[in-house]
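To start, the structure under review is shown below, and the notes come after it.
Atoms considered below: every heavy atom in the structure, side chains included; atoms not considered: hydrogens, waters and symmetry mates. None of the values given here were measured: they were computed from a predicted structure.
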Amino acid sequence: MERFLDCFLAFFKEGATGRKSLWAGFWFFLALAVFLISQILTVYSPGYGFADTPSNDRMDYILKAAQFDACPLQDCPALEHLRGQLDPLQTGEVSVEGGKFHQESHRVAIAQRLFSVYHPVYSLFLFGLHETGLSWAVASQWVELATIVVFILGLAFWLRALWGPLAAALAILVMSVHATVFPYPSNAALAVAMVVWAALTGFRERMGWLLPPAMLVMIGLHPLGRVYAAVTLVVYLAFLPRPWKKHHWLIVILGAAVIVLPWVLPLIVAAPQFSIPSYPLVEGRSFLYLVAANWWQALLTLPASVSVFSFAGTGILPTLGGTLIVFLLFLVGLTATDPARRSPLVATLAAFALALAASAVQFQGYYSGVAFTRVWIPMFYILFGGAMAGVLWLLPSILKTSASAFRVGFYNLPIRPGEGLSLLATAFMMIGVVVLLVAGTVAELAPNLMHKLQRPDAARLTAIAEPWMDSRQPERLRQVMSADDSVIYVDNDIMNAFLLSGLLERKAVYWPSLQGRPDKDRWIGPSAGVAYAVAMNPALALTNGSGIPLEEGVSLAIEGDGVALAEPLYLRFRALGEKTEITLGLHGMPPERALVGEQSVTLAQGESKWVLVTGLGDGSVSSVTMNFSPSNEPVFLDGISDDPESGLFWPWNRPLLVVSGRKKVKFDLQSVFPFGQDCLVGPVLDDMAMTLFARAECGQHIQIP
C-alpha cells in the first residue's frame, strides 16, 4: 500500500517530466473537454437555449450593433426623439415617494441600453458577423458560443498556470457539473482577461507590448473590463524584474492610459455616447450606509458562490461551512504547492483584493454589491482551484500516513516532515471533505447531464427566435407610416426589435418613460404626431411562439367573457404531423355549462386551416372546448377570428377569453395598450407575430373609426 502511494505521490509531484507530464496533460485536456461539452449542453438546453437568452439583454446587444450601420452617431429620428424622453427630471438624490426613484432608475436603465456605447468591441463582433450575410439572431448565437468557448479555455489554462494541470483538471471537472457560463459581454471581457492572465502567469514580463491592446479589448467588451485591465497591470508590475527598463516604463504608462481612456473619451467625443449615466441615489441614504450595504451584500455573496457546488449546494453542508472549507483548503493548497507558483498566486490575489476593496464605493441605485459580486467570481475560481489543489496534493500523503498508522499503531507513528499531515483527526477530516465532495458531485452528475442532453428540437428554437427577428411586421409598419408620424411602444424589448428592423428612421415614443413626466404632452400631445402603437400580443402568454399548443390533459377553452358566443367564430388549427381528430365541445351558459353540442374537425398530415364553429346561432353557447386524439406531433390553435379574410389572427372586435389550464388571456385593446385617456387605439392592423400594431391617436380623446 505504501509503495503504491509512493508511486502515486511521485506521479503527482510538481515538475514531473516525460510520461508523467504527458499523463498530467491528458487528464487536464480530458477534464477540459468535459467542461466544454457540459457547458454547451447546459446553455443550449431547455431553460437557457440557443434562442432563450433573456430577450431584453440580447436585443440590447443587437440594437447597439445595428447602430454601427444605421445610426453610428445616434442621430437618427428614433434615438433623437427618445433622448429627450429619457432625460432625468432631476439630478442627485431622488425620493422614493410616489415611485419617483423607480421611474428615474427605469429612465436611466433604458437610456443606458439605448445610448451608452459600453461594449463597442462586442457590438463590433456582432456587426462584423451580420455583414457576412448572417441574420442578427444567428450572428448573436455565434458570438455567444465564442464567448462560452473562450471563457472555458481561459479559465482552464489560467487555473493550470496557477496550480498546475492536475489541480486545474480536478477543479474544472467539478465546475463542469455545477457552474454555468452565461454568454454576456461581461463574461466575454472576463474570458479575454483569463486568457491574458494565463499567458501573463506563464510568460510574465515577456508579454510586454501585447498587454495594452489586450487590455483595450477587455475594456471594449464591457465596463467591468476596466477592473480586469487594472488587475492585469498590477500583476504585470509584480512580475517585472528590478530595476525596470525603459520599455517596461513605456508599457506601464501605455497600460495606465488604456485604463483611463474610458473616462477621457466622453470628454473628447460627443457622439456616439461613450459615457454611462449614473443611477440616482435614494434620498436619506448616506455614503456610509451605501458602503455598508455593499459589504453586507459581499458577505452574502461569499456563501452563495460556494452553494453552486455539490458539497454545499445539495444540503450536505451549510453554505457558510462550505465557504470555510473552501478557504481552508485554499490555504492548504497554497502551502502544498510548489514555491515557484506561490509568487504569481500571491500577486494575483493581491490585485484582486485591491479591486474588491475599491468595489465598496461603487453604487448602482438600489443594487448593492454589484461590482464586488462580479469581481469576486474570478477570485473565487482561484480559491476553488486552490481547494482542489489542496485535496489533490495532500490526500495521497494523508492516505500514506494513515496506512502507516494502521500498520505500526498511531501512538508509535513518528511524525516525518514532508510526509503530509499525520494527526488522525486531521486526516479523517480531509478524507471526509473529499468523500462529501465526491458524493455530492456524483449525486448531481446523472440528473444534471440528463437535463443537459434534453435538447429542444429545431422547430421550437425557430419558433422562439423568429418572431423577435422577423422583420415583416416592422417593415409593414414602416411602409404605412409617413416621415412625420411617431409610433408609441409599450415594451422595451418590442421597441428594440422594431428599431433594429428598420424603425430607427421613424420617431419613437416609449410609453413607460413618460410616467410621472409633467411635460409628456410634448411627445403624445395633439401635435406630437403619434399615429401608431405597438405592444406585445397577449396570445404570447398561451403560445410557445408559434401558436397555442393543444396538449393532452390540458383543457383549452374559448369563452364569451360573461356573454354568449356569437356567430361567426372561426378557429385556425395546424397539425405538424400525422392525421389528427379534434372535437369541439359547445357548452351552455353558466352555472351549469352543460354540453349542448359537438363538432368534429379532421386535419390531414401537416394541414393548417380555418374552421367555422357551427351551432352558435341561438345564443345559448358560452364556451367552446377542444379535445384531440393523442398524436406524436404537436397540434396548435393559431388563431381566433370572425373574419379570416381580414388578415388578423386574433379576436379584437369582441371580448373573448382564452383559457388554457390555469392561464387566461383576454383579447382586449384597453389592457394591451394601457394608455387610458391619453391615447385611443384601434383598429389593429397586424397581429401575425408575437407583437401587434394598431392605429393610434393621442391627446385629442376622440374615438378612432
Side-chain angles (χ1 to χ4, degrees), residues 463-464 467 490-491 494 535-576 580 582-591 593 595-601 603 608-616 619-628 634-644 646-674 681-684 686-694:
I464 293 174
V490 174
D491 181 86
I494 295 172
M536 182 79 74
N537 192 333
L540 177 62
L542 300 174
T543 72
N544 67 349
S546 64
I548 303 174
L550 275 65
E551 303 175 86
E552 187 177 7
V554 178
S555 63
L556 181 62
I558 300 170
E559 300 179 358
D561 195 19
V563 298
L565 293 175
E567 290 184 337
L569 180 63
Y570 290 86
L571 306 179
R572 183 179 178 86
F573 292 104
R574 173 169 52 97
L576 294 186
T580 305
I582 302 173
T583 301
L584 304 180
L586 279 60
H587 297 263
M589 300 298 290
R593 294 183 180 271
L595 183 65
V596 296
E598 288 187 339
Q599 179 179 345
S600 180
V601 178
L603 295 175
S608 177
K609 66 179 180 180
W610 286 100
V611 175
L612 174 64
V613 180
T614 60
L616 303 180
S620 64
V621 177
S622 67
S623 65
V624 176
T625 59
M626 284 155 247
N627 297 299
F628 75 109
V635 181
F636 297 97
L637 174 66
D638 281 343
I640 305 169
S641 177
D642 55 11
D643 181 12
S646 67
L648 300 178
F649 288 83
W650 302 104
W652 308 111
N653 296 326
R654 51 178 161 172
L656 289 181
L657 287 175
V658 179
V659 183
S660 178
R662 296 183 178 181
K663 298 178 181 178
K664 181 181 294 187
V665 168
K666 182 178 181 180
F667 288 90
D668 174 37
L669 289 182
Q670 291 183 351
S671 58
V672 174
F673 296 100
V681 180
V684 174
D686 194 311
D687 63 352
M688 65 182 296
M690 294 162 71
T691 54
L692 60 93
F693 73 85

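Of the possible polar contacts, none joining the Ser600 side chain to the Thr583 backbone as a donor-acceptor pair under 3.5 Å is found. Arg654 places no side-chain N or O within 3.5 Å of a backbone atom of Asp642 that could act as its donor or acceptor partner. In this structure, the side chain of Asp687 engages the main chain of Phe649 through a donor-acceptor pair within 3.5 Å.
Between Val621 and Val596 the shortest heavy-atom distance is CG2-CG2, 4.0 Å. Across Gly585 and Leu595, no two heavy atoms sit closer than the pair CA-CD1, 3.8 Å. Across Ala535 and Val672, no two heavy atoms sit closer than the pair CB-CG1, 3.6 Å. Nearest heavy atom pair, residue Pro568 against residue Leu612, reads CB-CD1, 4.2 Å. The minimum heavy-atom distance linking Gly560 with Leu656 is given by the pair CA-CD2, 4.1 Å.
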(request) List the steps and the verdict of side chain to side chain contact (heavy atoms under 4.5 Å, CB included) for Phe673 and Leu692. (result) CA-CA 11 Å; Phe673 296 100; Leu692 60 93; 3.4 Å; yes
(request) Mind running side chain to side chain contact (heavy atoms under 4.5 Å, CB included) on Leu571 and Ile640 for me, showing each step along the way? (result) CA-CA 5 Å; Leu571 306 179; Ile640 305 169; 4.0 Å; yes
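Atom CG in Leu648 sits 8.0 Å away from atom CG in Asn653 (nearest 0.5 Å). How far CE of Met589 is from OG of Ser623: 9.5 Å, rounded to the nearest 0.5 Å. Here CG of Leu586 is found 9.5 Å from OG of Ser622. Values are rounded to the nearest 0.5 Å. Distance check, rounded to the nearest 0.5 Å: CD of Glu559 to OG1 of Thr625 gives 10.0 Å.
No side-chain heavy atom of Ser641 sits less than 4.5 Å from a side-chain heavy atom of Arg572. Annotation: side chain of Phe573 is not in contact with side chain of Thr580 (no heavy-atom distance under 4.5 Å). Side-chain contact between Val613 and Leu565 is absent, with no heavy atoms from C-beta onward closer than 4.5 Å. Met536 is not listed as a side-chain neighbour of Val490, based on a closest heavy-atom distance of 4.5 Å or more.
None of Val635, Leu556, Val601 except one satisfies the side chain to side chain contact (heavy atoms under 4.5 Å, CB included) rule with Met626; the exception is Leu556.
Side-chain polar atoms of Gln599 and Thr614 form a donor-acceptor pair below 3.5 angstrom.
Aromatic ring orientation, Phe667 versus Trp650: parallel (interplanar angle below 30°, classes split at 30° and 60°).
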